[in-house]
Amino acid sequence: AACRKHNMPLGLYYSTLDWFRDDYPRETGRTGQHSGRTGKSDYASYLQFMKNQLTELLTNYGPIMSIWLDGHWDQTNPEGAADRSSRIDWKYEELYGLVHRLQPTCLIGNNHHLDPIPGEDFQMFEKDLPGENLSGLSFQQPADSLPLETCETMNDSWGYNITDHHFKTTRQLVHLLVHAASRNANLLLNVGPMPNGQLQAAFRDTLRAVGEWMQQYGRSVYGTRGKLVPPQPWGVVTRNDKEVFIHLLKRPAESFIFIPGLKEKPLAVSAMAVNRPLKWKLVPEGLFVYPEYPDIAVVDYVLAVRVKE
């Protein structure tokens, strides 16, 4: 009801592993071995339990934008191992078929850290940008045929952790956001609420600051595509039908930047923060822009190159 009130699509997280039920195949799992369970597992029973829960979720709460599955990794060798095959048959064709039958437009993603499995609608990368593997979890390659998503935390923890003060700054989160956009990836930013359901002050302050940045520069992210040029030492590039956006995340080494392969003659080039015209030069190989980078530190110095009215 709250999502409908604010016109927000509702997506759901669903854990395919379980640390409580006896019928989950804990004997072959990487976790939950010491949770006090003594009964023998029965995956047929557990599969039916998941189907019942998914049916309830997908029939009682209106349109569901996406189902975000997590837990496949519990039944595989660790990421990076030569053999990452699952020790159980999850029967995904049955689970995915159920989801798409109940809600055909619901998007399915699975945080298995593998190449996409048939029936999935987007590919996710945990704590990594597509094509990177800084976390040690992302050995899979970005798919060409599916939408991509990066999921990341605001500190180092997925759930509330009173001792975790490694909070990411506004600068770090904005940089993560535009890097994701430049790779054609959605950014799912995780916030673990406190036991009382509220968000801790550090998260609220940072989210408010990112929101203020988005109010000013949102058109350089929303509705854009990336992969115009690979990430550069100075930053990244996004674009829509009418504008190319140059995100200078650090001061360029030279007084100019070069966007190779951009053939369209600009109608205008400006710094978005002050709407100040900038010098540029179009050559057969691409576009030179002279950004006049400010003396003060900025989170992201965004240039807008208008190529169409």
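Everything quoted here is computed from the prediction, not taken from an experiment.
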Student: Starting from Leu287, can I reach Leu278 by hopping between I/L/V/M/F/W/Y residues whose side chains sit under 4.5 Å apart?
Tutor: yes
Student: At their closest point, which heavy atom of Asp164 faces which heavy atom of Ser157, and how far apart are they?
Tutor: OD2-OG, 2.6 Å
Student: Testing the basics here: between Leu177 and Leu187, what is the closest heavy-atom pair and its distance to 0.1 Å?
Tutor: CA-CD2, 3.8 Å
Student: Using the side-chain contact (heavy atoms from CB on, under 4.5 Å) criterion, which residues pair with Lys308? Sequence neighbours excluded.
Tutor: Lys242, Glu264
Student: Could I get the full list of side-chain contact (heavy atoms from CB on, under 4.5 Å) partners for Gln48, not counting sequence neighbours?
Tutor: Lys51, Asn52
Student: Picking from Leu262, Leu248, Ile257, Val244, what satisfies side-chain contact (heavy atoms from CB on, under 4.5 Å) with Val289?
Tutor: Ile257
Student: Do other residues, nucleotides or ligands put more than 12 heavy atoms under 6.0 Å from Asp89 CG?
Tutor: yes
Student: Under 3.5 Å, which donor-acceptor pairs do the side chains of residues 122-132 form with other protein atoms, sequence neighbours left out?
Tutor:
from, atom 1, to, atom 2, distance (Å)
Gln123, OE1, Ala143, N, 2.6
Gln123, NE2, Gln141, O, 3.0
Glu126, OE1, Asn111, ND2, 2.9
Glu126, OE1, His113, NE2, 2.6
Glu126, OE2, Trp158, NE1, 3.3
Lys127, NZ, Glu152, OE1, 2.5
Lys127, NZ, Thr153, OG1, 2.8
Asp128, OD1, Leu134, N, 2.8
Asp128, OD1, Ser135, N, 3.3
Asp128, OD2, Ser135, N, 3.3
Asp128, OD2, Ser135, OG, 2.4
Asp128, OD2, Ser138, OG, 2.9
Glu132, OE2, Arg183, NH2, 3.2

Student: Verify the neighbour count for atom NZ of Lys263: are there more than 12 heavy atoms of other residues, nucleotides or ligands below 6.0 Å?
Tutor: yes
Student: State whether the side chain of Gln75 and the backbone N or O of Pro25 hold a donor-acceptor pair below 3.5 Å, judged by distance alone.
Tutor: yes
Student: Considering only Ile, Leu, Val, Met, Phe, Trp and Tyr, and joining two whenever side-chain heavy atoms are under 4.5 Å apart, list the other residues clustered with Phe139.
Tutor: none
Student: Does the pair Met50 and Tyr43 meet the rule for a side chain to side chain contact (heavy atoms under 4.5 Å, CB included), with working shown?
Tutor: CA-CA 10 Å; Met50 288 197 292; Tyr43 187 68; 3.4 Å; yes
Student: Can Leu176 and Lys168 be said to form a side chain to side chain contact (heavy atoms under 4.5 Å, CB included), step by step?
Tutor: CA-CA 10 Å; Leu176 178 64; Lys168 295 179 178 65; 5.5 Å; no
Student: Hey, can you pull the donor-acceptor pairs under 3.5 Å for the side chains in residues 203-212, sequence neighbours left out?
Tutor:
from, atom 1, to, atom 2, distance (Å)
Arg204, NH1, Leu199, O, 2.3
Asp205, OD1, Arg208, NH1, 3.4
Thr206, OG1, Ala202, O, 3.0

Student: side-chain hydrogen bond (donor to acceptor under 3.5 Å, both in side chains) for Ser86 and His72? Distances and angles first, verdict last.
Tutor: CA-CA 8 Å; Ser86 177; His72 177 102; 4.6 Å; no
Student: Would you say Met272 ends up clustered with Tyr222 if hydrophobic residues are merged whenever their side chains have heavy atoms under 4.5 Å apart, either directly or through other cluster members?
Tutor: yes
Student: Could you identify which residues cluster with Tyr160, counting Ile, Leu, Val, Met, Phe, Trp and Tyr as linked when any side-chain heavy atoms lie under 4.5 Å apart, either directly or through a chain of such contacts?
Tutor: Ile162, Met194
Student: With side chains defined as the heavy atoms from C-beta onward, is the minimum distance between Pro260 and Val229 less than 4.5 Å?
Tutor: yes
Student: Indicate the atoms forming the closest heavy-atom contact of Pro294 with Val298, along with that distance.
Tutor: CG-CG1, 4.0 Å
Student: Would you name the heavy atoms of Leu249 and Arg171 that are closest together and state the gap between them?
Tutor: O-NH2, 3.1 Å
Student: Do Arg87 and Asn77 make a side-chain contact, defined as non-hydrogen atoms from C-beta onward lying under 4.5 Å apart?
Tutor: yes
Student: Nearest 0.5 Å, what's the OG1-CG distance between Thr38 and Asp22?
Tutor: 5.5 Å
Student: Quick one: does His175's side chain have a donor or acceptor within less than 3.5 Å of a partner on Val299's backbone?
Tutor: yes
Student: Donor-acceptor check, side chain of His112 to backbone of Leu114, threshold 3.5 angstrom: yes or no?
Tutor: yes
Student: Could you note down all residue pairs passing ring-ring contact (aromatic ring centres under 6.0 Å, His included) where residues 271-309 supplies at least one of them, sequence neighbours left out?
Tutor: Phe256-Phe288, Phe258-Phe288, Tyr293-Tyr301
Student: Identify the two heavy atoms, one from Pro291 and one from Leu303, that lie closest to each other, and give their separation to 0.1 Å.
Tutor: CB-CD1, 3.7 Å
Student: Are more than 12 heavy atoms from other residues, nucleotides or ligands located less than 6.0 Å from atom NE2 of His165?
Tutor: yes
Student: Do Tyr61 and Leu12 belong to the same hydrophobic cluster, where Ile, Leu, Val, Met, Phe, Trp and Tyr are linked whenever their side-chain heavy atoms lie under 4.5 Å apart, directly or via other members?
Tutor: yes
Student: Check the pair Phe245 / Asn240 against side chain to side chain contact (heavy atoms under 4.5 Å, CB included), numbers first and verdict last.
Tutor: CA-CA 8 Å; Phe245 301 99; Asn240 57 31; 3.7 Å; yes
Student: Kindly write out the residues that satisfy salt bridge (Lys or Arg N to Asp or Glu O under 4.0 Å) with Arg276, not counting sequence neighbours, or none if the list is empty.
Tutor: Glu292
Student: Do Val302 and His247 come close enough that some side-chain heavy atom pair is under 4.5 Å?
Tutor: yes
Student: Holding to salt bridge (Lys or Arg N to Asp or Glu O under 4.0 Å), I want the full list of residues that pass it with Glu243, two or more places apart in sequence or in another chain.
Tutor: Arg219, Arg306
Student: Just to verify, what does Arg30 make a salt bridge (Lys or Arg N to Asp or Glu O under 4.0 Å) with, not counting sequence neighbours?
Tutor: Glu79
Student: Answer yes if Val236 and Trp234 sit in the same cluster of Ile, Leu, Val, Met, Phe, Trp and Tyr residues linked by side chain heavy atoms under 4.5 Å apart, and no otherwise.
Tutor: no
Student: Spell out, as yes or no, whether a donor-acceptor pair under 3.5 Å connects the side chain of Asp74 to the backbone of Leu17.
Tutor: no
Student: Rounded to the nearest 0.5 Å, how far apart are CG of Leu47 and OH of Tyr24?
Tutor: 12.5 Å
Student: Return the minimal non-hydrogen interatomic distance between Leu95 and Trp90, and the atom names on each side.
Tutor: CD1-O, 4.0 Å
Student: Kindly indicate whether the side chain of Pro118, heavy atoms from C-beta on, has any atom under 4.5 Å from the side chain of Glu120.
Tutor: no
Student: What's the verdict on side chain to side chain contact (heavy atoms under 4.5 Å, CB included) for Leu57 and Tyr14, showing C-alpha distance, side-chain angles and the deciding distance?
Tutor: CA-CA 10 Å; Leu57 292 169; Tyr14 187 83; 4.1 Å; yes
Student: Go through the side-chain N and O atoms of Arg37 and Ser35 and say whether any donor and acceptor fall under 3.5 Å apart.
Tutor: yes
Student: Let me check something: any side-chain donor-acceptor pairs from residues 97-110 under 3.5 Å, sequence neighbours excluded? List them with distances.
Tutor:
from, atom 1, to, atom 2, distance (Å)
His100, NE2, Cys106, O, 3.4
His100, NE2, Asp121, OD2, 2.8
Gln103, OE1, Ile64, N, 2.9
Gln103, NE2, Leu58, O, 2.9
Gln103, NE2, Gly62, O, 2.9
Asn110, ND2, Tyr92, OH, 3.3
Asn110, ND2, Tyr96, OH, 3.0

Student: Does a sphere of radius 6.0 Å around CG in Asn196 hold more than 12 heavy atoms from other residues, nucleotides or ligands, not counting ones at 6.0 Å or beyond?
Tutor: yes
Student: Going hydrophobic residue to hydrophobic residue with side-chain gaps under 4.5 angstrom, can you get from Leu282 over to Ile259?
Tutor: yes
Student: What's in the same ILVMFWY side-chain cluster as Leu146, cut-off under 4.5 Å, chained through other members?
Tutor: none
Student: Cation-pi check for Tyr46 against Arg21: NZ or CZ below 6.0 Å from the six-membered ring centre and within 45 degrees of the axis, yes or no?
Tutor: no
